[in-house]
Amino acid sequence: MGKRVALVLAGCGVFDGSEIHEASAALVHLSRGGAEVKIFAPNIEQRDVVNHLKGSPSEEKRNVLVESARLARGNIQDLTELKADEFDAVIFPGGFGVAKNLCSWAVDGKNCTVNEHVNSTLQAFHSAKKPIGLCCISPVLAAKVFPGCEVTVGQDKNVDGRFPDAETACAIAELGCKHICKNVNESHVDKANKIVTTCAFMCKAPLHEIFDGIGTMVQEVLKLA
């Protein structure tokens, strides 16, 4: 029997929701790994809406659960319905929606607050000693909720211009967590906390390298499950 994995989304689209390629990559690797996946998102209004063609703010209002349903092909549930005891692991793809809708990192950085249902979900899996997979910017959720944990968002220096958001690693360290430098095709496993992270689009890299890196994260999550 395959592992039961919950996937938590933050909307649809890199600038105001979940990063679509990351969500799709996670789902492909989970499928290949024989996992049984259910998808969830918080039923809340997005912090903002971005016109992805122009890269500029839009005046319209959108709901995180409704937008996430696009990625889930309609097969999605409210995050309040996620019960950790029904799953073996949980995975959070990245995208600015994580930093805007699941927490306030985009505005407040290390002083951010985490959505109450996201926080309780993370705490429930951690308390049950079940693995948590996070990619791109989503490792900041673990850094905020679990002081002292180990995560990666890639490199802590902008090596060859490939890591323009390297300062995120420094903010993670300031929260009392240990940032582990990794390449885009690698992931880091915090064995003590069962947290698996990979940098994905925090690195400017070809799509197949990001896909492969997410694959290592999924594989490690399934091993720990």
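Heads up: numbering here begins at 1 and tracks the sequence.
- Side-chain contact between Phe163 and Cys199 is present, with heavy atoms from C-beta onward closer than 4.5 Å.
- By the 6.0 Å contact criterion, CG on Asn75 is open, its count of non-hydrogen atoms from other residues, nucleotides or ligands being 12 or less.
- The structure places CG of Asp16 at 4.5 Å from CD of Gln46, a figure rounded to the nearest 0.5 Å.
- Two residues are said to be in side-chain contact when any heavy atoms from C-beta on lie closer than 4.5 Å; Ile132 and Phe146 meet this criterion.
- In this structure, Glu36 does not pair ionically with Arg4, as no charged nitrogen and carboxylate oxygen lie closer than 4.0 Å.
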Q. Hey, mind stepping through Val8 and Ile91 against side-chain contact (heavy atoms from CB on, under 4.5 Å) and telling me if it holds?
A. CA-CA 6 Å; Val8 180; Ile91 289 177; over 6 Å; no
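- A search for salt bridge (charged side-chain N to carboxylate O under 4.0 Å, His left out) contacts involving Lys144 returns nothing, not counting sequence neighbours.
- Using a 4.5 Å cut-off on side-chain heavy atoms (C-beta onward), Glu22 and Ile214 make contact.
- When side chains are defined from C-beta on, Pro42 counts as touching Leu102, because their heavy atoms get closer than 4.5 Å.
- In terms of the side-chain hydrogen bond (donor to acceptor under 3.5 Å, both in side chains) criterion, Ser120 has no residue partners (sequence neighbours excluded).
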Q: Could you go through the side-chain contact (heavy atoms from CB on, under 4.5 Å) check for Asn101 and Val118 one step at a time?
A: CA-CA 10 Å; Asn101 304 325; Val118 172; over 6 Å; no
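- Within the model, atoms CG of Asn51 and CG of Leu53 stand 5.5 Å from one another, a figure rounded to the nearest 0.5 Å.
- Closest of all the heavy-atom pairs between Lys204 and Pro164 is CE-CG, 3.9 Å.
- Closest approach of Cys136 to Val153, counting heavy atoms only: O-CG1, 3.6 Å.
- Interatomic distance, CG of Asp165 versus CD of Gln155, reported as 13.0 Å (0.5 Å rounding).
- Taking CG of Leu79 as the reference point, atom NE2 of His117 lies at 7.0 Å (rounded to 0.5 Å).
- Looking at Asp190, its side chain does come within 3.5 Å of a backbone N or O of Ala192 through a donor-acceptor pair.
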Q: List the steps and the verdict of side-chain contact (heavy atoms from CB on, under 4.5 Å) for Arg162 and Val184.
A: CA-CA 10 Å; Arg162 280 163 50 89; Val184 67; 4.1 Å; yes
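- With ring centers used as reference points, His21 lies 6.0 Å or more from Phe211.
- For Phe40 and Phe87, the distance between ring centers is under 6.0 angstrom.
- The closest donor-acceptor contact from the side chain of His52 to the backbone of Phe15 lies under 3.5 Å.
- One finds no salt bridge joining Lys83 and Glu86 here, because no Lys/Arg side-chain nitrogen approaches an Asp/Glu carboxylate oxygen to under 4.0 Å.
- For the pair His126 and Asn193, the minimum side-chain heavy-atom distance is below 4.5 Å.
- Remark: side-chain polar atoms of Ser18 are not paired, donor with acceptor, to backbone N or O of Gly95 under 3.5 angstrom.
- Looking at Lys61 and Glu45, their side chains come closer than 4.5 Å, going by heavy atoms from C-beta outward.
- Residues Met217 and Leu207 are members of one and the same hydrophobic cluster, defined by side-chain heavy-atom contacts under 4.5 angstrom among Ile, Leu, Val, Met, Phe, Trp and Tyr.
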(Q) Quick one, Cys135 with Thr197, criterion side-chain contact (heavy atoms from CB on, under 4.5 Å). Give me CA distance, side-chain angles, the key distance, then yes/no. (A) CA-CA 5 Å; Cys135 66; Thr197 50; over 6 Å; no
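- Val14 is not connected to Leu71 by any chain of hydrophobic side-chain contacts under 4.5 Å among Ile, Leu, Val, Met, Phe, Trp and Tyr, and they are in different clusters.
- The minimum heavy-atom distance between Cys203 and Ile210, with the atom names listed, is O-CD1, 4.2 Å.
- Atom SG in Cys181 sits 3.5 Å away from atom CG in Asp156 (nearest 0.5 Å).
- Note: the hydrophobic cluster containing Phe125 also contains Val151 (ILVMFWY, side chain heavy atoms under 4.5 Å, direct or indirect links).
- Two residues are said to be in side-chain contact when any heavy atoms from C-beta on lie closer than 4.5 Å; Leu65 and Gln77 fail this criterion.
- Sorted by first and then second residue, the pairs that involve residues 108-127 and meet salt bridge (Lys or Arg N to Asp or Glu O under 4.0 Å), not counting sequence neighbours, are Lys110-Glu174.
- Atom CD1 in Ile76 sits 10.5 Å away from atom CD in Glu67 (nearest 0.5 Å).
- Taking a cutoff of 4.0 Å between a charged side-chain nitrogen and a carboxylate oxygen, Lys100 and Asp48 qualify as a salt bridge.
- Of all the heavy atoms in Val64 and Ser68, the pair that sits closest is O-OG, 2.7 Å.
- Under the 3.5 Å distance criterion, with hydrogens and angles disregarded, a donor-acceptor pair is assigned to the side chains of Asn63 and Asn43.
- Classification of Glu60 and Arg62 as a salt-bridged pair holds, one side-chain N sitting under 4.0 Å from a carboxylate O.
- Leu134 and Val218 fall into different hydrophobic clusters, where Ile, Leu, Val, Met, Phe, Trp and Tyr are joined by side-chain heavy atoms under 4.5 Å apart, directly or via other members.
- In the hydrophobic cluster analysis, where Ile, Leu, Val, Met, Phe, Trp and Tyr join through side-chain heavy atoms closer than 4.5 angstrom, Val90 is grouped apart from Val5.
- Side-chain contact between Leu224 and Asp88 is absent, with no heavy atoms from C-beta onward closer than 4.5 Å.
- The two residues Leu9 and Pro93 make their nearest non-hydrogen contact at CD2-CG, 4.0 Å.
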Q) Can His188 and Glu150 be said to form a side-chain hydrogen bond (donor to acceptor under 3.5 Å, both in side chains), step by step? A) CA-CA 8 Å; His188 176 69; Glu150 298 178 357; 2.8 Å; yes
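- Among Val196, Ile195, Thr152, the one residue that satisfies the side-chain contact (heavy atoms from CB on, under 4.5 Å) test with Val189 is Val196.
- Residues Ser187 and Thr216 have side chains that bring a donor and an acceptor to within less than 3.5 angstrom of each other.
- In plain terms, the two heavy atoms of Ile39 and Ala72 that are nearest each other are CD1-CB, 3.7 Å.
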